[in-house]
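Computed over heavy atoms, backbone and side chain alike; hydrogens, waters and symmetry mates excluded. What you see is a predicted model; the values in this text were computed from it and never measured.
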Amino acid sequence: MRDPLSALTNAFTSFLFGKVETTRLPVRTSTGQAQAVYLPTAAPGLGDSGVIIGREVYSGKGYIYDPFQLYGQQLPAPHWLVLGESGNGKSALEKTYVLRQLRFRDRQVVVLDAQGEDGVGEWNLIARELGITPIRLDPMAALDGGIRLNPLDPAITTTGQLALLRTIIEVAMGHGLDERSGFALKVAHAYVNETITDRQPVLTDIVEQLRHPEASSAVAMNVDIDDVRAWGLDVALVLDRLVDGDLRGMFDGPTTVGIDLDAPLIVFDLSHIDRNSIAMPILMAIVGVWLEHTWIRPDRKKRIFLVEEAWHIINSPFVAQLFQRLLKFGRRLGLSFVAVVHHLSDVVDGAAAREAAAILKMASTRTIYAQKTDEARATGGVLGLPRWAVEIIPTLTPGIAVWDVNGNVQVVKHLITERERPLVFTDRAMTESAATDDVLAHELESQLESESERRAALMEQQMSGTSSPESTVA
């Protein structure tokens, strides 16, 4: 029963001001209609300075990424892992990323191109467009005056040479060197470096010294000379493969004169090498160490080292250890390592599981294209992806990927400009046929031009002695 005083008050108020309450019929609706009452939301971006990748799928915002700009702020390391089944756009992403990075004058890129098309590497078209001749490592061509890389190049430190020789041997043998074989290799290498001064030492010199060791090496350890010869026999047989075996010609002579390490793009064409043979990880090790000592320099340039078929590195304990050192060393000198792998299970369950985990940990950026459901779950477990991201990976269409940048997880559609399209499409797997996407592609090209001009202006400021916070790269 209503309070008489309240009833009197309401009647008096209604008389003065009119009725203050209205009676409404209940409204029935659905969650689909009711969502309009919520304000639109979008995931936070990575800033507006760097390379334009495309757009974030759910918000439509432009997606910009640059490990050098983000390093030290949002990224603990500038290294990047790209995963996914073939035909989903990994190749197009890598190529456009490199082309866009090269628009900045302080960038330099090395690509290990293990994919082949029409007798040449997959990056041959881009290299030709930029006026660059790929460094084609081919045993048959090397025998006829082709490219050579010398593991004993004087540009590589003595310690680096010995580490590289050990890695070559361990990869080929499938196990580590024992102390006696290691001793035989060490004394042979030391003798060759001390006695050959009028030319570059080469692998033939090491093999010859292993077969015929100096008596002084035996005296130093108080052992018989025949023992030293026996300890080095297996090592000599392995190195002989690079001198007179199926890999001859590429590494058994002085480094080819004229390799331009100052070019903005350096492509090592490995497409003539059997990707499933032991030759590939040996090549990866030699090229990696050779670059470490001849290419990476403290000159304020930001360098990108992109490796196709990177499981040859991550799946070999000995090569992985060398690259771990390269990655740690490179961070101080502005190196971003980009590893392209089809299946994470190829490496995390392999012989180099510990080394693979260490390299994966260094990759603060992970881009995952479409994978089968089981593979997506395994990948999500290893990389620590949120459940929603794992669930959508099998449903992704070509050109769309999950990007995890140090915990900032977004779904990104890669966009390609009309100028880039003929250079990056090698399998026509990824298409941008929608009219809206064509418009966005033209807008992207304009943005790329503006970004290049802005970056050039910042570099001019830096060179003239002035700088801004945005122009300072970690």
- Task: Could you pull out the closest heavy-atom pair between V228 and P213, with the gap in Å?
- Result: CG1-CB, 3.9 Å

- Backbone N/O of W231 and side chain of S181: donor-acceptor pair under 3.5 Å: yes

- Message: I need the minimum non-hydrogen distance between A376 and I393, along with the two atoms involved.
- Response: CB-CG2, 3.8 Å

- Side-chain heavy atoms of L125 within contact of E129, under 4.5 Å: no

- Decide side-chain contact (heavy atoms from CB on, under 4.5 Å) for R148 and D252; before the verdict, give the C-alpha distance in whole Å, the side-chain angles of both, and the deciding distance to 0.1 Å. CA-CA 8 Å; R148 282 188 174 89; D252 56 342; 3.8 Å; yes

- Mark yes or no for whether N150, through its side chain, and V202, through its backbone, hold a donor-acceptor pair below 3.5 Å. no

- Message: Has R303 got a side-chain atom pairing as donor or acceptor with R297's backbone, closer than 3.5 angstrom?
- Response: yes

- For Y63 and L46, the nearest pair of non-hydrogen atoms, with its separation, is OH-CD1, 3.2 Å

- Would you check if V109 and Y97 make a side-chain contact, meaning some heavy-atom pair closer than 4.5 Å? no

- Look at the rings of F305 and F337 and say which category their plane angle falls in: under 30° parallel, 30 to 60° tilted, over 60° perpendicular. perpendicular

- Check the pair I206 / V235 against side-chain contact (heavy atoms from CB on, under 4.5 Å), numbers first and verdict last. CA-CA 10 Å; I206 300 290; V235 176; over 6 Å; no

- Query: Under 3.5 Å, is there a donor-acceptor pair between the side chain of R100 and the main chain of I52?
  - Reply: yes

- How long is the gap from CG on L423 to CZ on R128, to the nearest 0.5 Å? 9.5 Å

- Note on the structure: For E85, the salt bridge (charged side-chain N to carboxylate O under 4.0 Å, His left out) test, sequence neighbours excluded, returns K372

- Message: Please find the pair of heavy atoms, one from D404 and one from L383, that lie closest to each other, and give the distance.
- Response: OD2-O, 4.4 Å

- Would you say R180 has more than 12 foreign heavy atoms packed within less than 6.0 Å of its CZ? no

- So do D66 and Q101 actually touch side chain to side chain, heavy atoms under 4.5 Å? yes

- Would L81 and L360 count as a side-chain contact (heavy atoms from CB on, under 4.5 Å) if you check the C-alpha gap in whole Å, the side-chain angles of each, and the deciding distance to 0.1 Å? CA-CA 8 Å; L81 176 68; L360 293 176; 3.3 Å; yes

- How many angstroms lie between CZ in F268 and CG in L112, if you round to the nearest 0.5 Å? 7.0 Å

- Taking the side chain as every heavy atom from C-beta outward, state whether V187 and Q209 have any atom pair closer than 4.5 Å. no

- Query: Does a side chain donor of either W80 or T367 reach within less than 3.5 Å of an acceptor in the other side chain?
  - Reply: yes

- Calculate, to the nearest 0.5 Å, the distance between atoms CZ and CG belonging to F183 and L177 respectively. 14.0 Å

- For Q200, does the CD atom sit with more than 12 other heavy atoms under 6.0 Å from it, leaving out its own atoms? yes

- Message: For L322 versus A285, what's the shortest heavy-atom pair and its separation?
- Response: CD1-CB, 4.2 Å

- Do the side chains of L130 and L102 get nearer than 4.5 Å, heavy atoms only? yes

- Note on the structure: dist N193:CG -> L152:CG (nearest 0.5 Å) comes out at 6.5 Å

- Message: Quick check: do I147 and R136 have side-chain heavy atoms less than 4.5 Å from each other?
- Response: no

- Heavy atoms of Q108 and W295 approach each other most closely as OE1-NE1, 3.1 Å

- Item | By salt bridge (charged side-chain N to carboxylate O under 4.0 Å, His left out) - contacts of D260 (at least two apart) | none

- Would you indicate whether the side-chain heavy atoms of Y65 and V412 approach each other to under 4.5 Å? no

- Got a second to check how far N124's CG is from D113's CG, nearest 0.5 Å? 8.5 Å

- Tell me, with the steps shown, if I266 and I132 meet side-chain contact (heavy atoms from CB on, under 4.5 Å). CA-CA 8 Å; I266 305 168; I132 293 166; over 6 Å; no

- Gap separating the CG atom of L99 from the CG atom of L265, nearest 0.5 angstrom: 8.5 Å

- R211 and E208: salt bridge (Lys or Arg N to Asp or Glu O under 4.0 Å), yes or no, with the steps? CA-CA 5 Å; R211 288 172 172 166; E208 183 64 23; 5.0 Å; no

- Taking T294 as the fixed residue, which of T255, L261, L149 is the one that meets the side-chain contact (heavy atoms from CB on, under 4.5 Å) rule? L261

- Query: Below 4.5 Å, heavy atoms only, C-beta onward: do E420 and K95 meet side chain to side chain?
  - Reply: no

